[in-house]
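Note on naming: letters A, B, ... go to the chains in the order of the sequence lines (proteins, then strands), and numbering restarts at 1 for each one.
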Number of protein chains: 2
Amino acid sequence: MARRTKAEAQETREHIIDAAALVFHRKGVSRSSLNDIAQQAGVTRGAIYWHFKNKQDVFAAMLERHRLPTEALSQRAEDPGEEDPLDRFRDLLIDVLQRTVRDPDHRRVFEILFYKCEFTEQTDPLMQRVRESYLDGGDKVRRTLGNAIERGQLPATLNLDRAVTQLHVQMTGLLYTWLLLPDSFDLDGEAADFVDSYIATLRYCPTIAGERAHTPPGGPVSQT
Amino acid sequence: MARRTKAEAQETREHIIDAAALVFHRKGVSRSSLNDIAQQAGVTRGAIYWHFKNKQDVFAAMLERHRLPTEALSQRAEDPGEEDPLDRFRDLLIDVLQRTVRDPDHRRVFEILFYKCEFTEQTDPLMQRVRESYLDGGDKVRRTLGNAIERGQLPATLNLDRAVTQLHVQMTGLLYTWLLLPDSFDLDGEAADFVDSYIATLRYCPTIAGERAHTPPGGPVSQT
DNA sequence: CTATACATACGTTCTTGGATGTATGTATAC
DNA sequence: GTATACATACATCCAAGAACGTATGTATAG
């Protein structure tokens with residue numbers, strides 16, 4: 001077999017990424033050879049070298065494909081025209097947590113990122129990429145929370161930097177620990193609780209909300 | 001040169017571990033060859049193979065040496081005879097955070113664990129080891145918090161499981177994000193704040209401290 | 001026909017584990 | 001105290017495999 005149609009070629013490219021994720025997850029990125037990935041995908045190394053420069057390039061493509069779905073949701077939350085930015089923000093966070101539990105493909109990429117790959121130097125483009133991803137995400141959150149403040153959904157005294165830091169800490173910590181010990185707590189069922197708890201600290205915790213805790217108009221702070 | 005005295009041999013063993021940590025940190029564990037480590041330590045691969053079985057064994061030895069100092073502090077906090085277990089617990093948490101900032105050797109191991117090594121299968125002894133380390137740590141924390149409850153330092157209604165989970169989330173999240181972006185916040189200066197904030201949630205957050213606010217009148221709260 | 005989408009074949013580079021060499025520390029005998 | 005015997009603490013050398021990148025072959029879509 002040889003030359004396929006363009007659509008078919010695109011399919012094999014996707015298959016290769018799928019296979020890479022599986023092999024990366026099973027053996028770790030460094031111990032995964034391109035031959036392993038090719039076998040898993042049902043092609044030869046030649047196919048991989050046609051679509052990608054090398055293993056690093058396959059890895060980057062996998063991350064890129066993983067980034068897109070979350071991107072869409074965060075765009076909605078960040079929109080200044082959005083009337084309920086805090087609720088869109090809440091949806092986004094809950095979605096990330098629950099998708100990690102429910103969608104094996106999504107979870108697999110997170111597991112690879114946390115437990116099955118190595119970032120080498122500060123100058124490593126991959127390390128830089130993750131770093132920028134965090135910083136960009138922080139900026140998005142900052143804008144979204146700013147919109148929420150303007151709409152009166154959060155106190156004007158909110159310390160944005162602390163809020164962003166705490167969000168990173170909470171989300172990263174949740175995903176990291178749950179992926180390590182999935183049976184230690186029910187992330188899917190309690191996702192909304194965790195997110196609401198975080199939003200509550202934005203409103204009431206003095207070190208984040210500002211000097212005086214006050215009660216904003218009723219939002220979705222439901223506890224079970 | 002050949003046979004050294006026992007003390008000198010122990011020194012070279014330590015040197016090898018030091019060198020391994022440096023090389024692991026610089027190149028990532030998988031890309032570090034035993035030759036790299038030997039060169040960094042100023043010995044040959046023969047020396048490493050004398051003291052250790054293989055690279056995995058060097059890695060395990062590095063982790064073991066890293067575990068010990070924290071172990072001592074946690075033992076104190078856990079002691080049922082300790083009169084102020086909550087304060088010892090607080091000291092322990094602050095120490096871990098600040099030592100990560102101040103002690104380059106300590107920080108290096110954390111960076112390796114988070115960013116520069118791969119855990120492969122569920123059956124991987126290293127993965128298991130980290131998992132057990134989390135579970136054991138959780139048990140210690142559970143006992144320590146239990147002591148604190150008996151001494152009246154924490155509410156009797158405290159949900160221990162949630163408290164342990166939240167601690168893992170908070171500490172792991174803090175270390176992970178700060179190691180990724182050390183300039184994004186002042187972990188050293190705010191370490192006590194973060195710990196106190198966590199302890200405050202143990203006392204006041206309804207979902208963790210207990211459901212006094214939401215409990216219908218007429219009976220003690222039953223948990224778990 | 002020609003560029004595409006792969007498969008196949010090849011040479012090189014690294015790394016590993018073990019085998020072997022060797023010089024010194026250390027314990028014991030005398 | 002010294003000679004002997006052995007274990008220790010490495011250094012050096014070697015064989016084998018794995019993975020990579022490239023170069024080349026080839027059949028088909030356009």
Could you tell me the separation between the [atom1] atom of [X] and the [atom2] atom of [N], rounded to a whole number of Å?
X: I16(A); N: dA5(C); atom1: CD1; atom2: P; result: 12 Å
X: Q56(B); N: dT16(C); atom1: CD; atom2: C1'; result: 14 Å
X: R13(A); N: dT4(C); atom1: CZ; atom2: C1'; result: 16 Å
X: E8(B); N: dA23(C); atom1: CD; atom2: P; result: 18 Å
X: E11(A); N: dC6(C); atom1: CD; atom2: P; result: 10 Å
X: R45(A); N: dC10(C); atom1: CZ; atom2: C1'; result: 11 Å

Are side-chain N/O atoms of [X] and [Y] paired as donor and acceptor at under 3.5 Å?
X: Y134(A); Y: T172(A); answer: yes
X: D36(B); Y: S32(B); answer: no
X: H106(B); Y: R99(B); answer: yes

Take atom CZ in R67(B); do more than 12 heavy atoms of anything else shown fall under 6.0 Å from it? yes
Are K116(A) and E121(B) ion-paired here, with the side-chain N under 4.0 Å from a carboxylate O? no
Tell me whether the side-chain N/O atoms of T12(A) come closer than 4.0 Å to OP1 or OP2 in dC6(C). yes
Going by number, which of residues 46-54 of chain B have a non-hydrogen atom under 4.0 Å from DNA chain D? G46(B), A47(B), W50(B), H51(B)
Ring pair (Phe, Tyr, Trp, His ring centres under 6.0 Å), that's the test. Do H66(B) and F110(B) meet it? Break it down for me. CA-CA 9 Å; H66(B) 174 256; F110(B) 271 136; 5.0 Å; yes
What residues from residues 29-38 of chain B pass a heavy-atom cutoff of under 4.0 Å to DNA chain C? S33(B), L34(B)
For this output row, return yes or no: ring centroids of F119(B) and F114(A) closer than 6.0 angstrom. no
Working note: L97(B) + R102(B), criterion side chain to side chain contact (heavy atoms under 4.5 Å, CB included); need CA distance, chi angles, decisive distance, verdict. CA-CA 9 Å; L97(B) 295 178; R102(B) 296 173 183 173; over 6 Å; no
Of the nucleotides dA9(C), dC10(D), dG17(C), which has the atom closest to the A9(B) side chain? dC10(D)
Determine, stepwise, if the pair F194(B) / F185(B) fulfils ring pair (Phe, Tyr, Trp, His ring centres under 6.0 Å). CA-CA 12 Å; F194(B) 283 117; F185(B) 62 102; 5.7 Å; yes
